[in-house]
Undergrad: 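Have a look at the structure that comes next, please.
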Amino acid sequence: MKALALYTGHDQSVAVIEDGKVILAMEEERPTRIKHTNPSPNPYVPEQGMKWLAEQGHTIDNADLIVYGEPTFAGGAIEPLLPSAGVERERAERLKSKVRCVEHHLSHVALAYAWSGWDDCYALAIDGGGSISYGLAARCRNGVIEEIARDEMTSLTSIMGPAVWYLHLTMALGYAPLDGEGKVTGAAANGNRERFGPLFRSLYTIEPFRVTDPKLPGATRADGTWCPTRESLRELIGVDPQDPSVFYDVAAGGQALFEEMIQKDLEAFIPRGCRLVVSGGAFANVTLNRLLLDWVDELFVVPPMTDSGQSAGAGIYASGSIRPAPPANLYLGYDAGEIPSSVDPREVAKMIADGAVVGLCHGRCEYGPRALGNRSLLADPRRADMPRKLNNMLSRDHVMPFAPAIKFECADEILEPAWRRAAQSAEQMTLALQVRGDWKERIPAVVHVDNTCRPQVLRREVNPFYYDVLDAFYKLTGVGVLLNTSLNLHSQSIVMTERDAVEVLDKGGMNVLVSAGGVTRRA
């Protein structure tokens, strides 16, 4: 059984699922080079992704199923996938029987459940909204998803999900929605939650999967809802929320309210001490994800937690009973070729230790928003000035902390013990964890102001060349950590091809590129 799956909302993506296993998957932003969106004149189809799949031999004609993750602008129709009318209409009739549409939050849960490897667990999917709800709680067992509760969008008393609150907060603080939420999370760690948190909390009645407000004067949405905007927050607190005197505290107070909304859902629907899988844009918040570990025994955050995961999740769900198994790795996209065997990882490690920013572009690109060594920039985490250097090189916002790649054998020494209860997620850079002892002083470039880091714990079998560079750096310096950030300039998508990576090199985004073309130094 082969399913060709696609998602046509923001963060468009395509995937191929064979016998319930994802064999290829990629976001449309990789080939288009535009984050989150598709510049194609046909808004219903991730055209570049479909072209890439066809080059790999996967088309709507040879697929057993054609699967849409909902909501879909195409309405589940086959016509948008076809180049013309006339004779193609006859072909369309033959293909229509293959089409399936999978509800938004079921797609989110299906991918998280399938990739967790746990046959029996609970699930939460929460985001800015699908076709019928803001969120879903479920029990997953024996390959079946059993719904527990939904945060229905149709309810007259439920005005927003937690992710909608955070989206509006992001815009109020001057960042782009569906892109700047991570910057708000980074900023929140610098702020005082108690300054505005209680005030924000007083605006709403928070119940499980139900948030209501008193319909304050100056409502900012047509349904009478009060949402944070720059103007409404200025009226509420008496200061422009983007003013430096309050910016971090507004972010911190907003983060606190967001966490409380999720906590109510946990307490109502998720048994304490269970195994939990999560998906949806709300769980791109790495600070929140660490808090989940205080409630559950084991946690898995699916790596493509945003809507880019819709294609893979929908394809898995439509293929029948789910057979949970962790993926061997997340390298599922475009293949940029392998690094020549003549490139010595020890030489790469030496360049990094000497202060160079080195890019890796090789193999298949990662599925999801995290760079995990195939499209990464690597730097020395011991250098306290490295974040400033990188921010300048990449035109990146200073509130965003950088993440560490940690050699698996060193992880217990560096990370709090709780990482073992979310081991797969700690390997995929999807939650924040406290660092131990004096490691904040030893690797200041990758530890945030709140003593946390967002790690990628790396085993050699996952990515041999990347690991060998890390191991060589460890043998050279005694530190089994590298700074790892995505290979792209600020506001651009992560690179797909070697040519894309060379463009970043030419524009000063790194000092050295290591790719299928060998080692290239910036002129």
Side-chain angles (χ1 to χ4, degrees), residues 1-18 20-30 36-38 40 42-50 52-53 58 60 63-78 80-81 95-96 98-115 123-136 138 140 145 147 150 153 161 163 178 277-284 302-320 322 332-333 367-369:
M1 168 76 74
K2 179 168 80 172
L4 190 154
L6 60 156
Y7 182 63
T8 63
H10 67 80
D11 292 290
Q12 292 186 348
S13 62
V14 295
V16 174
I17 297 87
E18 286 190 349
K21 180 181 179 180
V22 181
I23 63 167
L24 292 171
M26 187 169 69
E27 298 88 340
E28 183 73 356
E29 69 171 29
R30 295 300 183 98
H36 307 297
T37 57
N38 177 15
S40 164
N42 182 355
Y44 303 123
V45 181
E47 291 183 333
Q48 296 302 313
M50 295 290 284
W52 168 68
L53 290 183
H58 303 286
I60 57 176
D64 298 299
L65 295 176
I66 303 164
V67 186
Y68 284 99
E70 292 183 338
T72 168
F73 295 118
I78 197 68
L81 298 177
L95 293 172
K96 280 182 179 178
K98 299 182 180 183
V99 176
R100 305 287 187 274
C101 292
V102 180
E103 190 277 324
H104 191 80
H105 290 104
L106 281 176
S107 296
H108 274 312
V109 169
L111 183 60
Y113 178 33
W115 279 7
L124 267 181
I126 299 173
D127 61 11
S131 47
I132 60 174
S133 56
Y134 293 119
L136 170 67
C140 305
I145 298 171
E147 293 192 26
R150 278 186 182 272
M153 296 175 75
L178 305 175
V277 302
V278 296
S279 185
F283 300 106
V302 73
M305 73 290 288
T306 65
D307 282 1
S308 65
Q310 280 285 306
S311 56
I316 288 172
Y317 187 86
S319 295
I322 297 170
L332 295 167
Y367 183 38

Undergrad: Would the distance check show the side chain of E18 and the main-chain N or O of K21 forming a donor-acceptor pair, the cut-off being under 3.5 Å?
TA: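 Not confirmed, E18 side chain does not pair with K21 backbone.
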
Undergrad: Evaluate the criterion side-chain contact (heavy atoms from CB on, under 4.5 Å) for residue pair K2 and H58; output intermediate values, then yes/no.
TA: CA-CA 9 Å; K2 179 168 80 172; H58 303 286; 3.1 Å; yes

Undergrad: For W52 and V14, run side-chain contact (heavy atoms from CB on, under 4.5 Å): C-alpha distance rounded to whole Å, both residues' side-chain angles, the deciding distance at 0.1 Å, then the answer.
TA: CA-CA 9 Å; W52 168 68; V14 295; 4.2 Å; yes

Undergrad: Using only atom types and a distance under 3.5 Å, with no angle test, would you say the side chain of S319 pairs donor to acceptor with the backbone of G315?
TA: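 The answer is yes, because a donor-acceptor pair under 3.5 Å joins these two groups.
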
Undergrad: Would you say the side chains of H104 and S131 form a donor-acceptor pair under 3.5 Å?
TA: no

Undergrad: If you take all heavy atoms of S279 and V302, which pair is closest and at what distance?
TA: OG-CG1, 3.2 Å

Undergrad: Testing the basics here: between P304 and P369, what is the closest heavy-atom pair and its distance to 0.1 Å?
TA: CA-CD, 4.1 Å

Undergrad: Evaluate the side-chain contact (heavy atoms from CB on, under 4.5 Å) criterion for residues L4 and V67: first the C-alpha distance (whole Å), next the side-chain angles of each, then the deciding distance (0.1 Å), finally the verdict.
TA: CA-CA 6 Å; L4 190 154; V67 186; over 6 Å; no

Undergrad: CD of Q48 to CZ of R30: how many Å apart, nearest 0.5 Å?
TA: 14.5 Å

Undergrad: For a side-chain contact (heavy atoms from CB on, under 4.5 Å) check, start with the C-alpha distance between V99 and Y68, then their side-chain angles and the critical distance, and finish with the verdict.
TA: CA-CA 8 Å; V99 176; Y68 284 99; 4.1 Å; yes

Undergrad: Are the side chains of M26 and L332 in touch, meaning some heavy atoms are under 4.5 Å apart?
TA: no

Undergrad: Locate the shortest heavy-atom distance separating A318 from L65; write the atom from each residue and the value.
TA: O-CD1, 3.5 Å

Undergrad: Return the minimal non-hydrogen interatomic distance between L111 and G313, and the atom names on each side.
TA: CB-CA, 3.7 Å

Undergrad: Count the heavy atoms of every other residue, nucleotide or ligand shown that sit under 6.0 Å from OH of Y113, and state whether that count exceeds 12.
TA: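 Yes, OH of Y113 has more than 12 neighbouring heavy atoms, counting only those of other groups under 6.0 Å.
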
Undergrad: Does any part of the side chain of I132, heavy atoms only, come nearer than 4.5 Å to the side chain of R150, both counted from C-beta?
TA: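 The answer is yes; the side chains approach within 4.5 Å.
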
Undergrad: Quick one: pull up CG in L24 and CD1 in I17 and give me the separation to the nearest 0.5 Å.
TA: 9.5 Å

Undergrad: Evaluate the salt bridge (charged side-chain N to carboxylate O under 4.0 Å, His left out) criterion for residues E70 and R100: first the C-alpha distance (whole Å), next the side-chain angles of each, then the deciding distance (0.1 Å), finally the verdict.
TA: CA-CA 10 Å; E70 292 183 338; R100 305 287 187 274; over 6 Å; no

Undergrad: When you measure from the side chain of K98 to the backbone N and O of I60, does any donor-acceptor pair fall under 3.5 Å?
TA: yes

Undergrad: Ignoring hydrogens and geometry, is there a side-chain-to-backbone donor-acceptor pair from D64 to A3 under 3.5 Å?
TA: no

Undergrad: Within this structure, what is the OG-CG distance for the pair S133 and D127, rounded to the nearest 0.5 Å?
TA: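 Taking OG in S133 and CG in D127, the distance rounds to 8.0 Å.
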
Undergrad: Roughly how far apart are Q310 CD and Q12 CD, rounded to 0.5 Å?
TA: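 Result: 12.0 Å between the selected atoms.
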
Undergrad: Just how far is it from atom CD1 of I66 to atom CG of L6, taken to the nearest 0.5 Å?
TA: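 I66 atom CD1 to L6 atom CG measures 8.5 Å (nearest 0.5 Å).
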
Undergrad: For Y317 versus V102, what's the shortest heavy-atom pair and its separation?
TA: CD2-CG1, 3.6 Å

Undergrad: Regarding D307 and Y7, is there a side-chain donor-to-acceptor distance under 3.5 Å anywhere?
TA: yes

Undergrad: Could you check whether any side-chain heavy atom of V16 comes within less than 4.5 Å of a side-chain heavy atom of V22, counting everything from C-beta outward?
TA: no

Undergrad: Sub-3.5 Å donor-acceptor pair from the side chain of E103 to the main-chain atoms of H105, do we have one?
TA: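 Side chain of E103 to backbone of H105: a pair is present.
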
Undergrad: Where the side chain of Y367 meets the backbone of E27, is there a donor-acceptor pair that is under 3.5 Å apart?
TA: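 Flag not set: sc Y367 to bb E27 has no pair under 3.5 Å.
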
Undergrad: Show the nearest heavy-atom pair for residues I316 and A110, with the distance to one decimal.
TA: CG2-O, 4.3 Å

Undergrad: Got a second to check how far L106's CG is from C101's SG, nearest 0.5 Å?
TA: 12.5 Å

Undergrad: Donor-acceptor check, side chain of E28 to backbone of G49, threshold 3.5 angstrom: yes or no?
TA: yes

